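Worksheet for the structure shown next.
Since the model is a prediction, treat every value here as computed from it, not as a measurement. The first residue of the sequence shown is numbered 1, and numbering continues consecutively from there.
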Amino acid sequence: MEYRLETSTCGTRIPARAHGGIATAPTQWSADDAVTELYALHYRALVRLAAMLVRDTPTAEEVVQDAFVAMHGSWSRLRDPEKALAYLRQAIVNRSRSALRHRAVVAKYPPAPPPDVPSAEHFAVAATERDHIMRAIHALPRRQRETLLLRYYSDLSEAQIADTLGISQGAVKSHASRGLAALRALLETKP
């Protein structure tokens, strides 16, 4: 199978496949043959055109490749295959406009910055502090420990703590006061 180029009336070079020296009409080409030939002849120029439109070579290459893929998929519906290059140019201009619109929307609504993530050292220090606090709490007498945990961890009122422990509200106040003082003293000492 041999390929040669024909020039259409509008000056566009289009591929023509010759079978035994007789050129077949462009409408009889397969999409693969036509797109392959157009790609080989015009890809660079089309990328330059798209790059001028979108001001970005990687995006321009994507635009051109998408246009070639779309043309390949719709080759059988192309009314005048001799105008395939004009179709590609129009598709590239339209896709470039879409890329620029997308860029404008992205610029207008930038994504929220990621939240500040604490460092690994922060977590290590927090774990050490938590261990130190838990050791200090467990060093307290049972009633003081229970009173403080029910008050500050479970957020219960004095009346609820008294009901839970089966003691008076005065005893709850006393255990809480003594427990906080003892906890403060224990936490001031180094582990």
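Residues satisfying the ring pair (Phe, Tyr, Trp, His ring centres under 6.0 Å) criterion with Y87, sequence neighbours excluded, are absent altogether. Y152 pairs by the ring pair (Phe, Tyr, Trp, His ring centres under 6.0 Å) definition with nothing, not counting sequence neighbours. Taking R178 as the reference, Q144, S174 meet the side-chain contact (heavy atoms from CB on, under 4.5 Å) condition, with sequence neighbours excluded.
Scanning both residues, R145 and L140, for their nearest heavy atoms gives NH1-O, 3.0 Å. Of all the heavy atoms in P118 and F123, the pair that sits closest is O-CE1, 3.6 Å. Residues A107 and P110 share a closest heavy-atom pair of O-CD, 3.6 Å.
Between R142 atom CZ and T147 atom OG1 the span is 9.5 Å, to the nearest 0.5 Å. Taken from CG in L187 to CZ in R135, the straight-line distance is 10.5 Å, to the nearest 0.5 Å. From K83, atom NZ reaches atom CG of L88 across 14.5 Å, with rounding to the nearest 0.5 Å. Atom CD in Q160 sits 8.5 Å away from atom CG in D155 (nearest 0.5 Å). Residue D116 holds its CG atom at 11.5 Å from NE2 of H122, rounded to the nearest 0.5 Å. For the atom pair CD1 of I133 and OG1 of T128, the computed distance is 11.0 Å after rounding to the nearest 0.5 Å.
Between D33 and S30, the side chains place a donor N or O and an acceptor N or O closer than 3.5 Å (distance only, hydrogens not considered). Using a 3.5 Å distance cut-off with no hydrogens or angles, the side chains of S98 and R101 do pair a donor with an acceptor.
As a member of the Ile/Leu/Val/Met/Phe/Trp/Tyr network built from side-chain separations under 4.5 Å, Y109 groups with V105. Other residues sharing the hydrophobic cluster of V117, ordered by chain and number and joined by side-chain separations under 4.5 Å: none, the residue standing alone.
Using modelled atom types, no side-chain atom of R151 and backbone atom of I161 make a donor-acceptor pair closer than 3.5 Å. Proximity of a side-chain donor or acceptor of S177 to a complementary backbone N or O of K173 within less than 3.5 Å is not detected.
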Steps toward side-chain contact (heavy atoms from CB on, under 4.5 Å) verdict (R97, N94)
CA-CA 5 Å; R97 288 177 185 156; N94 290 339; 3.4 Å; yes

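No chain of hydrophobic side-chain contacts below 4.5 Å, direct or via other Ile, Leu, Val, Met, Phe, Trp or Tyr residues, connects L156 to L149. A continuous path of ILVMFWY side-chain contacts below 4.5 Å connects V93 to M71, so both sit in one hydrophobic cluster.
Side-chain contact check for I167 versus H175: some heavy-atom pair is nearer than 4.5 Å. Counting heavy atoms from C-beta outward, L148 and I137 have side chains that stay 4.5 Å or more apart.
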Got a list of side-chain donor-acceptor pairs under 3.5 Å for residues 43-69, not counting sequence neighbours?
from, atom 1, to, atom 2, distance (Å)
D56, OD2, T59, OG1, 2.3
D56, OD2, R103, NH2, 3.4

